[in-house]
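Here is the structure we will look at, set down as structure tokens.
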Amino acid sequence: MAWFPTDPHSVTPAWLSHVLGADVRACRLEQIGIGIGILARVFRVHLDGTGVPDSVVVKLPSLDEKAFALCADLDFYLCEAHFYQDVGVANPLRPARPYFTAFDPVTHDFVLVLEDLGHLRVNDQIGGCSAEDAEVIVDAIAGHHAYWWESERFASMTWLKQFEDPRYADVIAANFEAAWPVVLDQFGDELSPSIRAFGQRFPALVAWYASEIACPPATFLHGDLRLDQFFFAVEPSDPPVTALDWQLSSIGRGAYDLAYFLSQSLATDTRRSCEEDLIARYAERLSERGIDYAADELNRDCRLTTAWCFAYPVIGTGRIEPANDRQVDLLRAMLRGSVAAIEDHDALALRPD
């Protein structure tokens, strides 16, 4: 394994010159995305040199021991490195352009040098996505899913997470169980008795949820499609939307990405006003590409994965040290949105017994 930096102090003009294939005379780093990204550190690197962009983004492992352990146990950093190496900008849901990617399978350290998307438009997930922007995202999700629907390439993409892998279910269940008392301590007064009972039972349900999500037909799931990950077009030449953070990529039912986005990235009133139309829009975009996702299956899968995705704010709250107040507010908003969607759709009625 060739050397690569694992801390910002080691990101030097000489190293950047090597990986960019250009003459970088000077660089200046500033940390960005604090309280937005959760499982890694992100730096904007301002460059001075010949034949170089004005800036790039460097992504490095989290310093939070629990977050790093979670990423190592579930191969999150390995997964994102492989995504940029094996798929990258050829993906229909476009990521940032990768300049350099490296991952150490022994230490689980990694580094990404990516295109800086700072010129694009972003929204704040705490405030929630507008119905208009949600349409753009749903179209992009459907295009991505259709491209990968039951793909023969999955056989060679062994880095994609498999929900039926018992190790995956065990890690999720253990982290949820450890996180749940913290969530109860912080937000327990806001949770209904049924949600509190669900949280207590969730670890025992993980394997069942995972098996349901893994049922065919399967597609390529981003796994963490929330509003803070999206960058919207400013110029006509820009992709309609660009998505970051491919660490949780997996194979499963298409409704997973859709339901997670709708339940935790739209304000509850907004979601209630447009959710039915957005789900129908997703099915229509798939149908335009020759894929029939039957309405009863799609609606059941949305309800099922809405309940499963309750794990995101729970584990985020209880297993990761908050970087700032913004991250606390984000996880609170995600939790409230998740709970409202679960209750609106009677999602807890779907269970193995």
Side-chain angles (χ1 to χ4, degrees), residues 38-40 61-62 66-87 91 101 103-110 144-145 148-180 198-199 201-226 245-260 297 300-302 304-316 318-320 350-353:
I38 295 174
L39 296 176
S62 174
K66 291 179 182 177
F68 187 91
L70 177 66
C71 292
D73 287 344
L74 294 177
D75 289 329
F76 285 169
Y77 297 151
L78 176 149
C79 185
E80 185 162 43
H82 272 290
F83 169 78
Y84 279 106
Q85 291 168 345
D86 299 351
V87 181
N91 196 56
T101 305
F103 171 79
D104 187 329
V106 176
T107 65
H108 287 268
D109 287 321
F110 82 105
H144 169 78
H145 286 173
W148 289 103
W149 202 266
E150 291 286 86
S151 176
E152 294 180 356
R153 291 180 62 187
F154 289 154
S156 63
M157 298 167 71
T158 56
W159 48 270
L160 277 172
K161 284 184 291 299
Q162 307 282 339
F163 280 95
E164 63 266 34
D165 181 350
R167 183 176 65 103
Y168 179 78
D170 289 346
V171 171
I172 294 296
N175 276 274
F176 189 102
E177 188 170 11
W180 184 239
F198 175 57
R201 190 167 183 244
F202 187 91
L205 296 172
V206 166
W208 177 76
Y209 276 120
S211 67
E212 293 292 303
I213 295 166
C215 288
T219 189
F220 185 131
L221 303 178
H222 176 284
D224 196 18
L225 284 179
R226 56 185 185 84
D245 286 2
W246 296 82
Q247 298 170 349
L248 277 66
S249 299
S250 56
I251 302 172
R253 303 285 285 188
Y256 187 110
D257 281 338
L258 178 66
Y260 174 56
E297 287 188 34
R300 179 187 183 276
D301 289 346
C302 282
L304 182 94
T305 51
T306 292
W308 163 267
C309 290
F310 183 60
Y312 283 75
V314 170
I315 293 175
R319 297 296 286 164
I320 299 170
L350 297 173
R351 48 196 288 172
D353 54 359

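No more than 12 heavy atoms of other residues, nucleotides or ligands shown are found within 6.0 angstrom of CD on Glu177.
With sequence neighbours left out, the side-chain hydrogen bond (donor to acceptor under 3.5 Å, both in side chains) criterion links Trp159 to Asp86. Qualifying side-chain hydrogen bond (donor to acceptor under 3.5 Å, both in side chains) partners for Glu297, counting only residues two or more places apart in sequence or in other chains: Arg253.
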(Q) Before you tell me yes or no, could you show the steps for Trp308 and Val206 under side-chain contact (heavy atoms from CB on, under 4.5 Å), namely the whole-Å CA-CA distance, both residues' side-chain angles and the distance that decides it to 0.1 Å? (A) CA-CA 8 Å; Trp308 163 267; Val206 166; 3.8 Å; yes
Q) Asp224 and Tyr260: side chain to side chain donor-acceptor pair (under 3.5 Å), yes or no, with the steps? A) CA-CA 8 Å; Asp224 196 18; Tyr260 174 56; 2.8 Å; yes
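The shortest non-hydrogen separation linking Leu304 to Leu350 is N-CD1, 3.7 Å. Ala259 approaches Cys302 most closely through the heavy-atom pair CB-O, 3.5 Å. Minimum interatomic distance between Tyr77 and His108 (heavy atoms only, all atoms of both residues): CD1-O, 3.3 Å. Minimum interatomic distance between Ile320 and Ala67 (heavy atoms only, all atoms of both residues): CG1-CB, 4.1 Å. In terms of heavy-atom proximity, Asp257 sits nearest to Gly223 at OD1-N, 3.0 Å. Among all heavy-atom pairs drawn from Lys66 and Arg319, the shortest one is CB-O, 3.0 Å.
Interatomic distance, CZ of Phe103 versus OH of Tyr84, reported as 15.5 Å (0.5 Å rounding).
In this structure, the side chain of Lys161 does not engage the main chain of Phe76 through any donor-acceptor pair within 3.5 Å. Here the side chain of Asp104 pairs no donor or acceptor atom with the backbone of Phe110 at under 3.5 angstrom.
Residue pairs meeting the salt bridge (Lys or Arg N to Asp or Glu O under 4.0 Å) criterion with at least one member in residues 71-82, sequence neighbours excluded, are Lys59-Glu80, Asp75-Arg167.
Using a 30° and 60° split on the angle between ring planes, Phe310 and Phe202 fall in the perpendicular class, above 60°.
Aromatic rings from Tyr256 and Phe163 are positioned such that their centres are separated by under 6.0 Å.
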